[in-house]
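Notes follow the structure.
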Amino acid sequence: MQPLAGDEPTAVGPYRLLGRLGSGGMGRVYLGRSAGGRSVAVKIVHPHFALDEEFRARFRREVQAARRVGGAWTASVLDADPDAPVPWVATAYAAGPSLTAAVTDGGPLPARTVRALGAGLAEALAAVHELGLVHRDVKPSNVLLTLDGPLLIDFGIARATDGTASLTSSGVSIGSPGYMSPEQILGKGATGAADVFSLGAVLAYAANGAPPFPGDSSAALLYKVVHEEPELGSLDGELREVAEACLAKEPGRRPGPAEVARRLAPEGAARLVAGGWLPRALVERVSRSAVEVLNLEAAEAVPAAAPAFGPVESSTPSVAVAGEFGPPPTVPPAAVPEPQDAVPTSEATPEMPEMPGTPETPETPETPGTPGTPGKSGKVSVSVAATAVPGAGGRGRRVSCTVALGVAAALAVVTVGVGFLVKPFLGTDGGEGGSDAGAAAKSPSTSASSASGGGRIPAAYLGTWQGSATALSGNLPIGTFRVTVEQASVGQELGRLRQTDQLGGVCTDILTLRAVTAARLIASSTGAKGNHDGCDPGTNTVYLTPSHGDLVYTSDSSAEGNPVAVMSKAGD
């Protein structure tokens with residue numbers, strides 16, 4: 001678990017966030033605590049998906065379906081808000097690494113552990129399929145290894161992107177290469193048999209420390225899944241027979257999950273787990289993780305840090321490990337009272353003026369700010385805190401934001417207090433520049449560079465700029481933009497824009513100079529290779545406009561909600 005960064009949320013809905021557990025293509029996962037002291041895992045989707053209404057609709061439906069899933073080997077969905085500025089879902093927290101982390105750090109698991117793992121996951125899938133649901137993304141990173149047995153997680157999130165055409169990604173596929181079934185890859189849909197195929201691949205990975213379909217690229221992996229036989233390595237005996245049956249190419253030849261569970265654990269997976277199912281190293285690791293959570297919660301409750309919270313008395317669980325497999329140690333639950341009315345102080349910020357009517361003709365709105373304070377943007381640090389308050393239907397949200405970044409107006413906003421004076425910063429008299437021609441009259445250097453319809457970049461633009469960004473006409477905060485403008489001629493790269501969202505996700509855009517006018521730079525922006533799926537891969541037109549010593553970035557990318565950023569000089 002990693003500590004929260006300065007620009008990450010400190011609370012989501014009624015849950016206070018204590019640390020970051022991990023991240024993936026869909027979002028980030030945090031350890032949270034409810035007002036009653038219950039530990040939860042809160043997954044917040046990447047803000048890019050929040051711009052897509054079709055995604056929200058699917059997310060809402062899938063969360064409703066996931067709430068129906070509840071069993072001994074699944075993490076129950078406790079709460080969710082698909083309508084939040086950035087959708088989130090909370091599930092029961094269980095201390096333990098993912099199968100991916102356990103194998104990466106410690107190598108293949110012993111046969112006894114693999115058998116219990118397969119039996120537990122098979123029972124989980126049987127219960128899910130009885131509800132008419134299909135997981136569709138069974139893979140090692142979606143399996144947790146806890147002292148009480150394996151847990152299958154991440155219901156209802158990955159599937160929300162299925163069929164979504166308007167996402168800002170270059171193509172979202174449901175499932176993971178190497179663990180998807182052949183019928184998923186071929187676009188024939190996914191039934192419960194697809195989950196069984198993925199289960200077989202997970203068993204092979206756990207036993208061998210490598211997937212059954214190795215490859216250096218997604219294309220190679222997908223080809224092998226469809227056309228080649230799996231590499232099962234050291235798997236032998238009944239485990240090998242079960243894995244082979246699960247990995248049959250034809251869905252009809254695969255056993256059902258209930259049959260898999262019976263073959264691996266005739267008396268039930270719980271019997272295999274009860275005697276201690278994890279190797280000693282993993283028992284110690286899980287126990288340390290539990291202690292870490294207790295210590296973290298106790299530190300959060302220190303009176304000096306939060307006077308309304310009382311001290312926490314907790315005993316550190318002792319772990320007795322005998323032999324290779326030991327019984328699960330008892331870890332006392334943490335219960336720290338949390339006041340219902342605890343809301344972080346919100347700093348007052350001026351309202352954001354409207355943006356110019358068109359990118360071609362920037363207007364000059366009034367300067368925001370308090371008396372005697374220039375309306376100048378600074379570096380951004382986001383801290384969104386929300387507590388549950390009565391609302392429609394007895395449930396609602398109150399959002400409090402610190403520093404200078406807010407949430408959508410219809411969902412309790414505090415807007416960004418930045419100056420949007422579109423004035424050329426190349427002049428010296430501070431006068432208004434309502435047109436490119438006017439700006440050129442005040443700045444001979446810019447006029448000269450643009451006399452032929454575009455040229456080299458004036459020196460005043462050069463350097464590193466950084467500031468907050470919003471989308472959807474300022475109603476959705478999307479993090480921090482940073483760009484280093486370098487000297488370039490028309491047709492050359494002038495710099496790379498680094499977009500860091502509120503959850504730490506990064507997208508990089510390559511900016512190519514198209515024109516230098518008297519009032520601004522015009523460039524083409526193209527997503528860089530290597531960006532994650534949530535980034536916009538297309539090419540858009542962007543404008544860099546002087547603004548009272550700042551640099552205003554605007555874009556015509558409707559897929560990203562027409563982002564706007566006001567950036568201050570950050571130094572080279």
Side-chain angles (χ1 to χ4, degrees), residues 24-27 43 45 54-55 57-77 80 82 89 91 98-99 117-144 150-164 167 172-205 212-213 222 225-226 242-243 245-262 264 269:
M26 287 301 303
K43 186 160 191 176
V45 304
E54 187 175 350
F55 168 83
R58 289 181 177 274
F59 183 83
R60 189 179 298 109
R61 291 196 299 269
E62 295 301 337
V63 166
Q64 290 173 353
R67 287 180 182 272
R68 299 163 53 199
V69 178
W73 314 114
T74 58
S76 302
V77 173
V89 61
T91 62
S98 69
L99 177 59
L117 172 71
L121 295 181
E123 289 184 5
L125 290 175
V128 170
H129 295 171
E130 286 179 0
L131 296 173
L133 302 175
V134 181
H135 190 287
R136 284 191 277 184
D137 199 19
V138 178
K139 59 184 178 181
S141 61
N142 279 342
V143 176
L144 298 183
L151 286 183
L152 183 60
I153 65 171
D154 213 5
F155 291 91
I157 296 180
R159 290 179 296 179
T161 59
D162 191 17
T164 300
L167 289 174
V172 179
S173 61
I174 304 306
S176 300
Y179 296 93
M180 297 171 65
S181 66
E183 59 268 26
Q184 283 178 282
I185 295 172
L186 296 175
K188 297 180 180 179
T191 64
D195 285 344
V196 173
F197 183 92
S198 301
L199 172 61
V202 167
L203 291 179
Y205 174 83
F213 301 100
L222 298 178
V225 170
V226 174
V242 168
C246 291
L247 291 169
K249 303 296 184 185
E250 295 296 327
R253 294 174 51 203
R254 300 171 202 151
E259 180 183 346
V260 172
R262 285 193 298 270
L264 295 179

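In this text the structure is predicted, and so the values were computed from the model without any measurement. Throughout, residue positions are numbered sequentially from 1 according to the sequence presented.
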By side chain to side chain contact (heavy atoms under 4.5 Å, CB included) - contacts of [X] (at least two apart):
X	result
L99	V103, L109, L117, P140, V143, L145, V202, Y205, A206
A122	L199, V260, A261
Q64	R60
A269	W73, A119, E123

Exercise for the section: State, yes or no, whether a side-chain contact exists between L152 and H135 at a heavy-atom distance under 4.5 Å. Expected result: yes
Residues passing the side-chain hydrogen bond (donor to acceptor under 3.5 Å, both in side chains) test with S198, sequence neighbours excluded, are none
Between G178 and F213 the two heavy atoms that sit nearest each other are O-CD1, 3.8 Å
For G200 and A243 the tightest heavy-atom approach is O-CB, 4.3 Å
Let me have the donor-acceptor pairs involving side chains of residues 186-193, under 3.5 Å, with sequence neighbours excluded, atom names and distances please.
{"from": "T191", "atom 1": "OG1", "to": "A193", "atom 2": "N", "distance (Å)": "3.3"}

Next on the checklist: Would V134 and V128 count as a side chain to side chain contact (heavy atoms under 4.5 Å, CB included) here? Give the steps.
Outcome noted: CA-CA 7 Å; V134 181; V128 170; over 6 Å; no
- Does a salt bridge link E183 with R254, judged by any charged N lying under 4.0 Å from a carboxylate O? yes
Step by step, work out the side chain to side chain contact (heavy atoms under 4.5 Å, CB included) result for R67 and S76. CA-CA 7 Å; R67 287 180 182 272; S76 302; over 6 Å; no
